[in-house]
Amino acid sequence: MQDTVVIKPYLRLSGLEPLVIRPETNFVNVGERTNVTGSKKFARLIKENKYEEALSVARQQVENGAQILDVNMDDALLDGVQAMTTFLNLLQSEPDIAKIPIMVDSSKFEIIEAGLKCVQGKCIVNSISMKEGEEKFIQQAIICQSYGASVIVMAFDEKGQADTEQRKVEICHRAYKILTEKVGFDPQDIIFDPNIFAIATGLEEHNNYGVDFIEATKKIKQLMPLTKVSGGVSNLSFSFRGNEPVREAMHSVFLYYAIKAGMDMGIVNAGQLVVYDEIEPQLRQLCEDVILNRNNTNNEATEKLIAFAETVKAKGKEEKKDDAWRNTSVEERLKHALVNGITDYIEADTEEARLKYPKPLEVIEGPLMDGMGVVGDLFGAGKMFLPQVVKSARVMKKSVAWLTPFIEEEKKKNPVAENGNAPKILLATVKGDVHDIGKNIVGVVLGCNGYDIIDLGVMVPTDKILETAEKENADIIGLSGLITPSLDEMVHVAHEMKRRDMKQPLLIGGATTSRMHTAVKIAPQYDNGVVHVLDASRSVTVAGSLLSNEQKKDFLTSIKTEYKKLADDFANKKPVKQYISFADAQDNKAKIDWDNYTVPVPSFTGTKVFNDYDLKEIRKYIDWKPFFISWELHGNFPDILTDKTVGTEAAKLYNDANDLLDKIVNEKWLTAQGVIGFWQANTIAPDTIEVKYEKANIKLESLRQQIKKAAGHPNLALSDFIMPKEKGKKDFIGSFSVTIKGIEPHIKKFAEALDDYNKIMLQALADRLAEAFAECLHERTRKEFWGYGKDESLTNEELIKEQYTGIRPAPGYPACPDHTEKYKLFELLGGEEATGIHLTESLAMYPAASVCGWYFSHPQSQYFGVGKIQKDQLDDYAQRKGMSIEEAERWLRPILE
């Protein structure tokens, strides 16, 4: 008899990517700034019909950590239906925004319904209520259900909004019974908003509003455990508008208690939340008294908070060195050093602890692991950030290094002495891939949480991964990869693990990986647990669940069920997007007036090599935003340096990075090597560019968009931007490669010094320098070597926003997804000797800090994504490339339907 698949009753939402809210999920932040009633900037842009610009507000919310995006168009001067429709349709075509679920927010149901018609995936409706009676409530709920949406239900009935605990619970329970029994809603698709009202208004009847919400939340979760609770947090502090420090403190204190009571999500600006533990103690106490209605007879607590608020000024804190911690016990000193990343006294304190404890190993298993436990808890709670965790790891490693000789001596005296029993996690970047910053960060975070990390490095063959795992008795295997061919390699590793009858769970991570690919391609290859891990912060929870005797079985069952559903949905999915035939796509290429176009001629043809390019010059072109992202700090530069939540740590990280950059530049740690080249070129077929090369003409094959476009919008291919041969005029194409060399000895030095912080920092900076070098040479190409943009005068910010003429698309990226075109690019540039870059079998570039691409000069050339292609184009492309269908599929798998 076949086992029945049980789908766990979780709230499941999606944009382009799924969001499953499980019991262990932390508070879900709903981005609030795409709301015309809550953001003056957004409202102004919408009213001025600057919808494209308004998308930047949405994008910023996603970058700042919003997991759901609230969109509201309720304004008396707006056509709400038209505004909601226009904005959501535009938003759906921006994958970096549309990846998260949408909350369609309006007090007018016709606007909600308009939004539901535009949104892909599974969204949330905010909101419906019983204020106009049951019949209207049921009617609206049925419409929401027909679109597959979850609903927020306001605690609002025919008598008005619920303002007491009892009324909140009664209304929510009544709505629950109607939705589940009469409409057929799944309980997990119901989200209650029991109304957060302003407190500390001076009116005594308002004093218990905070307590009423918190207590009602507890009872709602007890009475209806599968439902969720949400709320608009900023309402709470309305009486203190204009005093942001007090409002931020109130929001943080309120959320601290509301989340403990069961609040799951809320509309709140996460960038303006202060960490609960970091609120000034007196202010925190006063906020608690007001929110919890303590000591508030005759508004006493309210009056005290109002008086204190007058003294609070939003100004930067002066850093004072406080050495009081040096007077505490050695255990407390070790914990303080670990939490704050202080290495100054670690060897002396470790030695003091060693003399105090019977065995050196007990220092590790006692105070050091206790301290790292605090670090792990703070990181998991969002009270520490990744750069701080990496500094903590540096302290831990230095302490362990001090103890290691004594532990080894202990082993010699007592061969059967306890050797520690930390679980082992083996990490490796798969064969053909050279990128390991993300893997290194995961290793540090797991190491901070007490795991023994075996890091095999990069380009590791399958046999070595599995043989080492068996030899070392690894408890978990983790694979990492950045480039798309790595996905196939991960499938192969999983297949081999099954063939060898291995038992270890397999973790999958890296920029090119996804939960969907893991579910569809990797998980079916191996039966003993395959889990996709999104980032370093999630790795600890996953590893803990996999290594817990109590949790492992249920966790893996839940994952298998979830992945099976994903795989089934993928297999049965109905095409949401419409595609056209390849022939029709070729007929709809970019319209360019070639007859009246004057071709810019480069100052030379062939190649020009740049050896030891000035790093001081390259440094000016650094784009810092991806640097912070690599440390899991999200936000725009330089705003991130003053961000309310991560600003302090971001500023420290930025200063440390520039200190290390000074050393890199002044002491010539690294060498920049680059090549550019230009050649005569013309298109000889709709998707083929012929390049005049001294040895033999080279044909570059491009891929074309096949998605059905609106009238007047072309289906683009890179070949569209090169003059057709039949026009009888010569056009040109360029290419480039850049690399940053010499990192290895310095990485080795930091590794030997147990300094993961600077090791990861150096890798991240090398990557930034490579991208900056590419930006620098492209600017010189436009102004000097090709000369079609001699009068260009752009700031670094404008360069980062790609506001220049021409493009530099890279093989393996959206406009030219086929990595194998790199072979032709590197042949034109002179191969490994000229470029200083080695191509692996998967066509990753080594050194890892390397960039390559093509130069196109036509003013209509633009960056674009090919998107998914159909079988007719795949067949044509394989024929043009001289590949078998199987080989073409292997290289193009990410863009195949």
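Each residue takes its place number in the sequence, starting with 1.
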Hey, mind stepping through Asn636 and Lys625 against side-chain hydrogen bond (donor to acceptor under 3.5 Å, both in side chains) and telling me if it holds? CA-CA 6 Å; Asn636 291 322; Lys625 183 175 177 178; 2.9 Å; yes
Going through the distances and angles, do Asp584 and Lys709 end up as a salt bridge (Lys or Arg N to Asp or Glu O under 4.0 Å)? CA-CA 11 Å; Asp584 287 346; Lys709 298 288 194 81; over 6 Å; no
Test salt bridge (Lys or Arg N to Asp or Glu O under 4.0 Å) on Arg880 and Asp876 and set out the steps. CA-CA 6 Å; Arg880 282 187 276 138; Asp876 181 86; 2.7 Å; yes
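Partners of Thr85 under the side chain to side chain contact (heavy atoms under 4.5 Å, CB included) rule, at least two apart in sequence or in another chain, are Val81, Asn89, Ala114, Cys118.
One distance of note links CE of Met845 with NZ of Lys822; it measures 4.5 Å at 0.5 Å rounding. To the nearest 0.5 Å, atoms CG (Leu825) and OG (Ser737) are separated by 7.5 Å. Note: Leu769 CG to Phe627 CZ = 10.5 Å, rounded to the nearest 0.5 Å. Taking CG from Leu653 and CZ from Phe628, the interatomic distance works out to 5.5 Å, rounded to the nearest 0.5 Å.
Of the options Trp679, Phe736, Tyr788, a ring-ring contact (aromatic ring centres under 6.0 Å, His included) to Tyr855 is made by Phe736 and by none of the others.
Between Asp659 and Lys663 there is no salt bridge, since none of the side-chain N atoms of the basic residue sits less than 4.0 Å from a carboxylate O of the acidic one. Contact check on Glu775 versus Arg768 returns no salt bridge, with no Lys/Arg side-chain nitrogen under 4.0 Å from an Asp/Glu carboxylate oxygen. No salt bridge links Lys824 with Glu827; every basic N to acidic carboxylate O contact stays at or beyond 4.0 Å.
For an aromatic pair to be called close, the ring centres must be under 6.0 Å apart, and Tyr613 with Phe773 satisfies this. Aromatic pair Phe87/Phe42: centroids less than 6.0 angstrom apart.
Looking only at side-chain heavy atoms (C-beta outward), Glu821 and Cys816 stay at 4.5 Å or farther from each other. Residues Leu670 and Lys741 form no side-chain contact, since every pair of their non-hydrogen atoms from C-beta on lies 4.5 Å or further apart. The closest side-chain heavy-atom distance from Pro809 to Phe856 is below 4.5 Å.
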Side-chain donor/acceptor pairs under 3.5 Å, residues 712-729, sequence neighbours excluded:
residue: Asn715; atom: OD1; partner: Asn588; partner atom: ND2; Å: 2.7
residue: Asn715; atom: ND2; partner: Gln705; partner atom: O; Å: 3.1
residue: Asn715; atom: ND2; partner: Ile707; partner atom: O; Å: 2.8
residue: Ser719; atom: OG; partner: Pro686; partner atom: O; Å: 2.7
residue: Ser719; atom: OG; partner: Ser702; partner atom: OG; Å: 3.1
residue: Asp720; atom: OD1; partner: Arg704; partner atom: NH1; Å: 3.1
residue: Asp720; atom: OD1; partner: Arg704; partner atom: NH2; Å: 2.8
residue: Asp720; atom: OD2; partner: Ala590; partner atom: N; Å: 3.1
residue: Asp720; atom: OD2; partner: Arg704; partner atom: NH1; Å: 3.1
residue: Asp720; atom: OD2; partner: Ala717; partner atom: N; Å: 3.3
residue: Lys727; atom: NZ; partner: Asp595; partner atom: OD1; Å: 3.4
residue: Lys729; atom: NZ; partner: Trp594; partner atom: O; Å: 3.4
residue: Lys729; atom: NZ; partner: Asp595; partner atom: O; Å: 3.3
residue: Lys729; atom: NZ; partner: Tyr597; partner atom: O; Å: 3.3

